[in-house]
Amino acid sequence: MLKIYNTLTRKKELFQPRIPGQCGMYVCGMTVYDYCHIGHARVMVVFDTVARHLRHSGYALTYVRNITDIDDKIIQRAHDNGEAFTDLTERFIAAMHEDERALSVLPPDIEPKATQSIPDIIAMIETLIGNGLAYVGGNGDVFYAVNKFAHYGQLSGKNLDDLQAGERVGIDHAKHNPLDFVLWKMAKTGEPAWPSPWGDGRPGWHIECSAMSTCCLGNHFDIHGGGMDLQFPHHENEIAQSEGATGETFVNIWMHNGFVRVNEEKMSKSLGNFFTVREVLKAYQPEVVRLFILLSHYRSPLNYSNEQLDEAGIALTRLYTALRGLALATGLAIDLGYVGRFKQAMDDDFNTPVALAVLFDLARELNTAKAAGDAEQCAQLAATLRHLGGLLGILQSDADSFLQGDADEAIEQQIQARIAAKKAKDWALADQIRDSLKAAGVILEDAPNGTTTWRREG
RNA sequence: GGCUGCGUAGCAAAGCGGUUAUGCAGUGGCCUGCAAAGCCAUCUAGUCCGGUUCGACUCCGGACGCAGCCUCCA
């Protein structure tokens, strides 16, 4: 039985889909004006893992992750670059898809873009105005009137009085209430714009997600996810918009992933302390980055450091080392004990650290079976390890290609020379060859049968 | 200031009211020509102070500390 932590109730709840056997999930995706950083990678990997587990658990999942391809920062960046905003967004959408593929993130079923959802957005704003929840402000922008929505603050645990007491932004006289937020923003000269009943302009940030999610998944759906920082105001506003427009409950379960931190501080673009995915992938294999993310629970903070990435690399090496030398057979029986433990971990709010602990226990037993020469046991355990790894999006490479990278003829020659030296009991030469390879980052491992395998360090 | 959440061994990171987490590192052993890898054993825990309980790292209260949101942000 799958349990999921719901931000709305602040506890783990038994997952009960609206329609048995089905699930609709919407995740707030990227605003595409720059390369994805590791924080974005975490969202992609975490919800990809959630999607994989839901599917494997038998739910017919519709996974929607949007792209915000129009907003103030995009306009600003395109202007700075002297290019059309569409050229900018197309470039970074392509880059995002590249990063995603590298990290073994399966594409969502639907990837709606804000600019392709303008009619739906306008329709929703008209409904909100019709319902008395939105108004045209003094500057022509359309605003949502937060005090007209009774449940405002239910997700973030805030109430309007507290919010107003802590108001830090300068008063905008175009609004009735400082906490009201923009639904439709009038275009200044030269800005991208779409025609609307209120004049040429563009959607506010929050409305696009309300429009796209309800269009793709219906007025009421199962799971809505995103980073912790979207809880307020973004998701709070989404609830106000969607429920205000449809009159129905919007979402059953809200999931929020924790931040990636650098030196105990949130990684973010505004702080400038971010590492882009492509930058990190220059130094670490993509699968290592994925494991690094999965080694922490999705709601916990994740500290980014080279030491942590290195450890993830060592951990992955341990798993692949266990698989090394065993054929990639398919269709083999798998060990149901481990499968059960794994499922139990994942069913407990997607507890990937515990699920991974199961894989390490499995690797230990596999190593023991290898030492005992039990081929049947080895095959079964290896098949189980690969199967469970696959559910997390890891361990799908050939072990040698992970451990060795590109084949290297020179290394093979050195190994042969060393085997000859060993036969001649010329230990000094054998050790010298091993040391020189070690200096080049190549580690040799002698097997009892006289053969030698190798792997690259780190 | 308001609202969240967190505080576990050398490091990272989980579960759990009484029984091995797991990975890395350390120590001892097996294996090895020596290593590496692997296996076995093993040392380091639960911020502090109260309370509940036969028993608390685990539940409750308080203190302290940290992070996040309250402003664009995954």
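By convention in this document, chain letters (A, B, ...) are assigned in the order of the sequence lines, proteins followed by strands, and residues within each chain are numbered from 1. Predicted model only: the values in this text are computed from it and were never measured.
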Exercise for the section: Indicate, with a heavy-atom threshold strictly under 4.0 Å, whether A:S156 touches base, sugar-phosphate, or nothing. Expected result: sugar-phosphate
Fill in the blank from the handout: In whole angstroms, the gap separating P of B:A14 from CZ of A:F350 amounts to 16 Å
Fill in the blank from the handout: Contacts of A:K73 and A:R418 projected onto RNA chain B by closest heavy atom; the upstream (5') one is A:R418
Exercise for the section: Output the single nucleotide from B:A14, B:A37, B:A74 whose closest atom is nearest the side chain of A:M30. Expected result: B:A74
Exercise for the section: Mind checking A:M44 for me? I need base, sugar-phosphate or nothing, with any heavy atom below 4.0 Å counting as a touch. Expected result: nothing
Practice task
For the pair A:R290 and A:D48, find out whether any cationic side-chain nitrogen is under 4.0 Å from an anionic carboxylate oxygen.
Solution key: yes
Problem - Salt-bridge criterion met for A:E236 and A:K158 (N-O under 4.0 Å) - result: no
Handout entry: Residues A:Y33 and A:Q76: side-chain donor-acceptor under 3.5 angstrom
Key = no
Practice task
Please determine if a side-chain N or O atom of A:K422 lies less than 4.0 Å away from the OP1 or OP2 oxygen of B:C34.
Solution key: no
Practice task
Flag the pair A:D109 and A:R65 as a salt bridge only when some basic side-chain nitrogen lies within less than 4.0 angstrom of an acidic carboxylate oxygen.
Solution key: no
Problem - Gap between atoms CZ and P, on A:F232 and B:G2 respectively (whole Å) - result: 17 Å
Problem - N/O donor-acceptor pair, side chain A:R42 with base B:A74, under 3.5 angstrom - result: no
Practice task
Name the closest nucleotide to the A:R434 side chain, picking from B:A21, B:G33, B:A13.
Solution key: B:G33
Problem - Quiz item: A:D431 side-chain donor-acceptor pair to B:G33 base, under 3.5 Å - result: yes
Exercise for the section: Could you work out which one of B:U4, B:C69, B:C39 sits closest to the side chain of A:R364? Expected result: B:C39
Exercise for the section: Assign A:A315 to base, sugar-phosphate, or nothing according to its heavy-atom contacts below 4.0 angstrom with the strands shown. Expected result: sugar-phosphate
Exercise for the section: Mind checking A:N367 for me? I need base, sugar-phosphate or nothing, with any heavy atom below 4.0 Å counting as a touch. Expected result: sugar-phosphate
Practice task
On RNA chain B, check which nucleotide each of A:G157 and A:W427 is closest to and give me the residue with the more 5' one.
Solution key: A:G157
Practice task
Runs of at least three consecutive Watson-Crick or G-U pairs, both distances under 3.5 Å, are what I'm after; which ones involve RNA chain B?
Solution key: B:1-7 with B:64-70, B:10-12 with B:22-24, B:26-30 with B:38-42, B:47-51 with B:59-63
Practice task
Please determine if a side-chain N or O atom of A:R261 lies less than 4.0 Å away from the OP1 or OP2 oxygen of B:C66.
Solution key: no
Exercise for the section: Please determine if A:D141 and A:K175 form a salt bridge, counting it only when a charged side-chain N lies under 4.0 Å from a carboxylate O. Expected result: no
Handout entry: Presence of salt bridge, A:D72 and A:R202, under 4.0 angstrom
Key = yes
Handout entry: Pairwise C1' distance for B:U47 and B:G65, with rounding to whole Å
Key = 8 Å
Problem - Phosphate-side-chain proximity, A:S300 and B:A14, N/O vs OP1/OP2 below 4.0 Å - result: yes
Practice task
Look at the aromatic rings of A:H224 and A:W254 and report parallel, tilted or perpendicular, splitting at 30° and 60°.
Solution key: parallel
Handout entry: Side-chain donor-acceptor pair present, A:Y26, A:N66, cut-off under 3.5 Å
Key = yes
Exercise for the section: Report yes or no: is there a donor-acceptor pair, N or O only, under 3.5 Å between the side chain of A:D446 and the base of B:C34? Expected result: yes
Problem - Aromatic stack A:F360/B:G23: centroid gap under 5.5 Å, interplanar angle under 30° - result: no
Problem - d(CG, A:L230; C1', B:U71) in whole Å - result: 14 Å
Handout entry: Length of the line joining A:Y298:OH and B:G5:P, which is rounded to integer Å
Key = 14 Å
Practice task
Take atom P in B:C60 and the same atom in B:G18, then report the distance between them in whole Å.
Solution key: 15 Å
Exercise for the section: Can you label the angle between the A:H256 ring and the A:H235 ring as parallel, tilted or perpendicular, going by 30° and 60°? Expected result: tilted
Exercise for the section: Write down the distance separating the P atoms in B:U58 and B:G2, rounded off to the nearest Å. Expected result: 27 Å
Handout entry: A:R434 bridged to A:D431 by N-O distance under 4.0 Å
Key = yes
Practice task
Look at the side chain of A:R318 and the base of B:C24, then say whether one donor and one acceptor between them are separated by less than 3.5 Å.
Solution key: no
Practice task
Round to the nearest Å and state the distance from A:I443 atom CD1 to B:A37 atom P.
Solution key: 7 Å
Problem - Whole-Å gap separating P (B:A14) and CD (A:E311) - result: 13 Å
Problem - Nearest-nucleotide pick for A:V260, side chain only, options being B:A74, B:C70, B:A21 - result: B:A74
Problem - Pairwise C1' distance for B:A12 and B:A25, with rounding to whole Å - result: 11 Å
Handout entry: Nearest-nucleotide pick for A:R324, side chain only, options being B:U4, B:A37, B:A13
Key = B:A37
Problem - Closest listed nucleotide, where the reference is the side chain of A:Q308 and the choices are B:A36, B:A12, B:A21 - result: B:A12
Problem - Atom pair distance, as rounded to whole Å: NE2 in A:H256 and P in B:C6 - result: 16 Å
Exercise for the section: Please evaluate the base of B:C69 for a donor-acceptor partner in the side chain of A:K158 within a cut-off of under 3.5 Å? Expected result: yes
Practice task
Return the value, rounded to whole Å, for the distance between atom OH of A:Y338 and atom C1' of B:A21.
Solution key: 14 Å
